[in-house]
Structures are given as structure tokens and as C-alpha cells.
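Order of the sequence lines sets the chain letters (A, B, ...), proteins ahead of strands, with each chain counted from 1. All figures in this text were calculated on a predicted structure; none of them were measured in a lab.
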Protein chains: 2
Amino acid sequence: MAKPSPPAAPSESLPPPQMQTALDSALDDLIGYAMRRAQLKLFQNLIGRLSAHDLRPAQFSALAIIDQNPGLMQADLARALAIEPPQVVPLLNKLESRALAVRVRCKPDKRSYGIFLSKTGETLLKELKQIAVQSDLDATAALDGEEREELLRLLKKVYQD
Amino acid sequence: MAKPSPPAAPSESLPPPQMQTALDSALDDLIGYAMRRAQLKLFQNLIGRLSAHDLRPAQFSALAIIDQNPGLMQADLARALAIEPPQVVPLLNKLESRALAVRVRCKPDKRSYGIFLSKTGETLLKELKQIAVQSDLDATAALDGEEREELLRLLKKVYQD
DNA sequence: TATTAATGGTTAATTGACATAACTAAATTG
DNA sequence: CAATTTAGTTATGTCAATTAACCATTAATA
């Protein structure tokens with residue numbers, strides 16, 4: 001998924017295959033198309049930054065969600081991440097193996113676990129949040145503060161259907 | 001990738017796991033996070049609509065790009081779609097098998113092909129564009145026309161770095 | 001011009017994400 | 001206390017996407 005550097009040799013049969021993902025088309029007027037490209041850019045940026053901590057975006061999201069909802073169950077986490085329960089298992093295993101989160105057997109219901117962040121996890125999360133904010137700013141460097149606010153507002157309005 | 005219907009049983013250990021992808025967290029203030037969720041929504045909508053024509057978004061994009069750049073080579077198409085050359089092969093095979101596009105051996109360089117839309121492809125593309133516009137409007141129904149314009153402008157500004 | 005290197009396209013193999021189904025243990029219901 | 005449901009896990013299969021290796025042709029170089 002990493003595509004940081006512009007492809008090498010632009011071939012000559014095309015108008016100007018202007019770097020990265022050329023695409024001069026009628027696609028330009030579609031929000032979906034612009035959104036996909038912008039999202040990809042943001043995502044790549046974040047992936048690159050998180051990789052320094054050997055983490056993927058979903059793991060970062062998981063940490064943030066656990067932090068906001070301490071003691072939640074895995075099914076809740078799955079729903080919050082919009083992934084299927086089986087995918088939660090290796091994700092949590094990884095976080096637990098790095099001592100960022102813990103599964104605690106539930107008193108009343110011995111099938112389920114409550115999930116919590118460890119002290120280490122909380123500390124790391126604080127750092128990761130700063131990284132995410134920095135990534136946001138970096139990837140949207142073309143916007144000023146007001147535009148960023150407006151973009152966030154519009155995006156929320158879209159997905160909070 | 002299809003997740004149209006809200007998950008069934010919200011479990012009770014969480015504040016209000018408000019439908020779909022709950023996520024009340026500090027993630028809410030990140031553009032990258034909002035963008036990902038909005039993009040997913042737009043994408044799912046488009047996928048659903050294109051499936052009626054047995055097409056995927058990348059194939060639709062390919063048609064639009066070929067239309068705008070008749071005679072381009074596969075390497076150009078790969079770059080424009082931000083995919084690797086090997087992925088272009090089955091994609092083009094599919095379009096060619098449905099007689100939407102054609103590979104034409106290049107006169108000067110007998111290794112390469114020029115790619116063109118067939119009459120059928122051009123006709124279908126017109127229809128697909130309308131579908132895409134409709135999908136855009138549907139998925140961003142929470143916005144008015146002015147907001148849509150502004151969103152598009154901001155998104156372009158972001159990805160046209 | 002003969003040899004070598006580079007390029008367009010393809011094939012093949014590997015990886016990895018993801019969904020689905022099936023299983024265990026515990027809880028609920030009748 | 002039998003039958004069903006639920007939380008979590010394991011196992012399996014599918015499919016997309018990257019990578020490496022390959023052929024044909026062109027370009028470069030000696």
C-alpha cells in the first residue's frame with residue numbers, strides 16, 4: 001500500500017501524466033473520486049508515521065476506542081471498528097503482547113472480557129494522538145485553519161448520516 | 001465489504017454504541033478519521049450501484065481515463081489508477097471481453113498497445129457517469145449544493161498537493 | 001553490427017486482508 | 001435440567017494486491 005515516491009519514467013503517449021495519479025478526466029467533478037484520492041493521501045501519511053511505532057491505523061483506532069470506553073467487550077470493539085469479531089482477536093493479541101492493553105475476565109459473565117489500556121498504553125496513546133494530529137496537518141498543508149475546520153464539519157455531516 | 005444494515009444487538013457494557021461504527025472518541029477531531037468514514041460511505045454506495053453493471057469502481061475509473069486519453073498505454077493507465085502494471089492485465093481483459101475497450105498494437109513500438117474505448121464503451125460510460133453523479137448526491141444527501149461545492153473544492157486542494 | 005541493457009506487457013507465486021463457518025465455554029430460557 | 005443463545009476463538013476459503021520472473025521488442029553502446 002505504500003506509494004510515497006512518484007513513479008519513475010513518465011511515458012510519452014499521454015498528455016502530461018502529471019505525477020502520482022495523473023487523472024485528468026470527468027472524474028474530477030465527483031466528490032467520491034476526490035474523496036478517495038484525498039483519503040488515500042491522508043491514510044498513507046498516517047501509515048508512514050505509525051509504522052515508526054510498528055502500529056497500523058486500526059490498532060491506533062482500537063487504542064483510542066478502548067481509552068474512551070474502558071472495560072468494553074470485544075464485540076463492542078469489533079462494531080466500533082466496523083470489523084468482524086474474528087479480526088479483533090489477532091489485533092488484541094498484538095496489543096496485549098506489547099502490554100498496551102489487557103483482557104480482564106468479566107466477573108458476572110465469565111465468557112466475556114473487559115478490555116482496558118495499560119499505563120503504557122495510555123502513555124503511548126497520548127503520543128500517538130499528537131502524531132495523528134501532526135499527520136492531519138501535514139497531509140492537509142494546502143488548507144488554512146478555517147478550511148480545515150470546514151472540511152471536518154462537512155465530512156462529519158456526510159458520514160453521520 | 002458490504003455493511004449496509006446496522007448490526008443487530010448492541011451489548012450493554014458500553015455508553016451508547018450508537019449504530020454502525022460507534023466511535024465517540026478523540027478520533028472525532030481528526031480529519032483523517034472523518035475522511036475515512038465518509039469515503040467508505042461514498043465508496044460502498046458507488047460499489048452497490050455499479051454492481052448492477054457488474055463493474056467495480058476501478059473499472060469505471062479506467063473507462064473514464066481511457067475516454068479522456070484515447071490511445072494511452074497500459075503503463076500510463078496503471079499510473080493513472082495508482083495500481084501496478086500486473087493488475088491492469090485482468091482489468092483490461094475484462095473490459096475487452098465485454099467489448100468496452102480494445103487494445104491496438106502500436107505501429108512504431110510493437111511491444112505496446114494503444115487503448116481505446118469501443119462505441120459500446122463510450123455509450124456505457126455516459127450512463128455510468130450519471131450513475132456516479134447520482135451516487136455522489138445520494139451519499140452526500142446531508143449536504144446542500146453549496147456545501148457540496150465547497151467540499152469538492154477542499155478535497156481537490158488536499159489531494160492536488 | 002554484435003552485444004548489452006532497458007522497456008511494455010504478461011504470467012506465476014506469495015502475501016495478506018477479510019468474511020464465513022464451525023467449535024468451546026458459559027449463560028439464559030423454558 | 002434440556003435447549004437455545006451469546007462471547008470469544010479457531011479454521012477455512014476467497015480474493016485483491018504486491019513481487020519476481022519471463023518473453024518480445026527496442027534502445028544503447030562498443
Whether the side chain of [X] engages the backbone of [Y] through a donor-acceptor N/O pair (distance < 3.5 Å, no angle test) should be reported.
| X | Y | result |
| --- | --- | --- |
| B:Q160 | B:K157 | no |
| B:R79 | B:Q74 | no |
| A:S118 | A:L100 | yes |

Open item on the list: Check this for me: does any side-chain nitrogen of one of A:R49 and A:D138 sit under 4.0 Å from a carboxylate oxygen of the other?
Closed with: yes
Whole Å only: how far is the [atom1] atom of [X] from the [atom2] atom of [N]?
| X | N | atom1 | atom2 | answer |
| --- | --- | --- | --- | --- |
| A:R56 | C:dC18 | CZ | C1' | 13 Å |
| B:L77 | C:dG9 | CG | C1' | 13 Å |
| A:E84 | D:dT10 | CD | P | 17 Å |
| B:Q44 | C:dA19 | CD | C1' | 14 Å |
| A:I47 | D:dA17 | CD1 | P | 14 Å |
| A:E96 | D:dG8 | CD | P | 12 Å |
| B:I83 | C:dG9 | CD1 | P | 13 Å |
| B:Q59 | D:dA17 | CD | C1' | 15 Å |

Task: Qualifying residues under salt bridge (Lys or Arg N to Asp or Glu O under 4.0 Å), relative to B:R153, sequence neighbours excluded - done: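 Here the qualifying residues are A:E147, B:E150.
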Task: Strand-adjacent residues in residues 102-116 of chain B, judged by heavy atoms under 4.0 Å from DNA chain C - done: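 Residues of residues 102-116 of chain B that come under 4.0 Å of DNA chain C are, in numerical order, B:R103, B:R111, B:S112, B:Y113.
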Open item on the list: Using a 4.0 Å cut-off on heavy atoms, which residues in residues 85-95 of chain A reach DNA chain C? List them by number, or say none.
Closed with: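 Residues of residues 85-95 of chain A under 4.0 Å from DNA chain C: A:P86, A:Q87.
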TODO: Each residue besides B:L152 in its hydrophobic cluster should be listed here, by chain and number; the cluster joins Ile, Leu, Val, Met, Phe, Trp and Tyr at side-chain heavy-atom distances under 4.5 Å.
DONE: A:I31, A:M35, A:L42, A:L143, A:L151, A:L152, A:L154, A:L155, A:V158, B:I31, B:M35, B:L42, B:L143, B:L151, B:L154, B:L155, B:V158
Ignoring hydrogens and angles, write down the donor-acceptor pairs under 3.5 Å from the side chains of residues 86-94 of chain A, residues two or more places apart or on other chains.
from: A:N93; atom 1: OD1; to: A:R103; atom 2: NH2; distance (Å): 2.1
from: A:N93; atom 1: ND2; to: A:V89; atom 2: O; distance (Å): 3.3
from: A:K94; atom 1: NZ; to: A:D54; atom 2: OD2; distance (Å): 3.3

Task: All side-chain contact (heavy atoms from CB on, under 4.5 Å) counterparts of B:E146, not counting sequence neighbours - done: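 Checked B:E146 against side-chain contact (heavy atoms from CB on, under 4.5 Å); matches are B:D144.
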Task: Closest heavy-atom pair and its distance - B:I47, B:P57 - done: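 Nearest pair, atom of B:I47 first, then B:P57: CG1-CG, 3.7 Å.
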